[in-house]
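Quick caveat, the model's predicted, so the values are computed rather than measured. Along the sequence shown, residues are numbered consecutively beginning with 1.
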Amino acid sequence: MLFVASSAVSAQSIVMASTTSTEQSGLFPYLLPEFKKATGIDVKVVALGTGQALDMARRGDADVVFVHDEKAEDKFVADGFGVKRYPVMYNDFILVGPKNDPAGAKGKDIVEGLKKLAAGNAAFVSRGDKSGTHAAELRFWEQAGLKDAKGSGYRECGCGMGPALNMAASTGAYVLADRGTWLNFKNRADLGVLVEGDKRLFNQYGVMVVNPARHPQVKQAEAQKFVDWVTSAAGQGVIAGYKIGGEQLFFPNAAK
């Protein structure tokens, strides 16, 4: 009888719609085995841009969502698709580009950096995929007054963060990236971090259980267990412990 019960627990699983940055940074392969150890629940991750992840959850094809576009997340909950939004962790966005910085974008002001790129028609790879990173990038262009004047070097790849970085590395282009994926990115070629430290580059992540009132098939109890664990002292400690080359990738802030 006990064996049957433990098998049932280990067979539990939920589907998580999340971002390419949480997957490509290497966080989930580090975090999710610890969650399974604590609860016996498997998490099947579908990594998409934040917009696509939220769309997947709206269709009822996920039990929980872990993304990074606070405005879109709040709308998701307000529209009745999510039960409640919980902050989990943060890191930051960075402007990456050729180390010799032909456009002269280097500094601590993302808006000024983008103005330099547009003025010089510098090669720039945009995710163009409705991800949280893409939403942030478009917000920065708008703040620079360059929503429709990004320069002739601007290209959208419609791809995840890793492929966008690969494209920038192979063509000597600039790209807005999340720091987590950048730190785990091996194919840097001549790329380096050029703009960082601007408070506008703050990158908050949130987690939400998909509303079972909209989609009765949602595994609410198991999904809530993930939310409770990832925002608990145990889950937050695991997030804080994930480092590459001694550098912490994400900073837990569920309690704040």
Between the side chains of [Y] and [X], is the shortest nitrogen-to-carboxylate-oxygen separation below 4.0 Å, so that they form an ion pair?
X    : Y    : answer
E34  : K37  : yes
K108 : D198 : no
E112 : K115 : yes
D55  : R58  : yes
D109 : R200 : yes

Looking at K199, I want to see if its NZ is surrounded by more than 12 non-hydrogen atoms of other residues, nucleotides or ligands under 6.0 Å.
no
Would you say that more than 12 heavy atoms from the other residues, nucleotides or ligands in this model lie under 6.0 Å from the NZ of K150, or not?
yes
Taking C-beta and beyond as the side chain, do [X] and [Y] meet within less than 4.5 Å on heavy atoms?
X    : Y    : value
M208 : E73  : yes
F250 : S25  : yes
Q204 : P87  : yes
F35  : V43  : yes
V230 : I239 : yes
M56  : V65  : no

Pair [X], [Y]: side-chain N/O donor-acceptor within cut-off below 3.5 Å:
X    : Y    : result
D92  : N203 : no
T22  : Y205 : no
E137 : S126 : yes
N121 : Y154 : no
S21  : T19  : yes
Q24  : D178 : no

For the pair Q220 and N211, evaluate side chain to side chain donor-acceptor pair (under 3.5 Å) and give the outcome as yes or no after the intermediate values.
CA-CA 8 Å; Q220 183 182 16; N211 192 351; over 6 Å; no
Using the side chain to side chain contact (heavy atoms under 4.5 Å, CB included) rule, take E70 and R85 through it: C-alpha gap first, then chi angles, then the decisive distance, then the call.
CA-CA 9 Å; E70 195 165 345; R85 179 189 176 277; 3.7 Å; yes
[atom1]-[atom2] distance between [X] and [Y], expressed to the nearest 0.5 angstrom:
X    : Y    : atom1 : atom2 : value
L249 : K243 : CG    : NZ    : 10.5 Å
K71  : R139 : NZ    : CZ    : 8.5 Å
Y30  : Y242 : OH    : OH    : 9.0 Å
R188 : K99  : CZ    : NZ    : 8.5 Å
D190 : N100 : CG    : CG    : 6.0 Å

Nearest heavy-atom pair of [X] and [Y]: which atoms, and what distance?
X    : Y    : answer
L27  : M89  : CD2-CE, 3.5 Å
A177 : V96  : CB-CG2, 4.4 Å
A105 : L95  : CB-CD2, 4.1 Å
P212 : V83  : CD-CG2, 3.9 Å
I244 : L183 : CG2-O, 3.7 Å
N184 : K186 : O-NZ, 3.1 Å

Would you check, one step at a time, whether the test side chain to side chain contact (heavy atoms under 4.5 Å, CB included) holds for F226 with D63?
CA-CA 10 Å; F226 175 76; D63 303 299; over 6 Å; no
Kindly indicate, with the supporting measurements, whether the criterion ring-ring contact (aromatic ring centres under 6.0 Å, His included) is fulfilled by W141 and F124.
CA-CA 12 Å; W141 284 113; F124 183 94; 5.5 Å; yes
For the pair F81 and H215, name the ring-plane relationship: parallel under 30°, tilted 30 to 60°, perpendicular over 60°.
parallel
Same cluster or not: V238 versus I14, using hydrophobic residues (I, L, V, M, F, W, Y) connected whenever any side-chain heavy atoms lie under 4.5 Å apart?
yes
Shared ILVMFWY cluster between V210 and V67, side chains joined below 4.5 angstrom?
yes
Run the side chain to side chain donor-acceptor pair (under 3.5 Å) check on R127 and T20 step by step: do they pass?
CA-CA 11 Å; R127 291 272 299 270; T20 60; 3.1 Å; yes
Between F66 and F28, is the gap from one ring center to the other below 6.0 Å?
yes
May I have the step-by-step check of side chain to side chain contact (heavy atoms under 4.5 Å, CB included) for L54 and K130, ending in yes or no?
CA-CA 10 Å; L54 290 171; K130 296 185 179 176; over 6 Å; no
Evaluate L165 against T181 for side chain to side chain contact (heavy atoms under 4.5 Å, CB included), listing each step before the verdict.
CA-CA 9 Å; L165 280 165; T181 306; 4.0 Å; yes
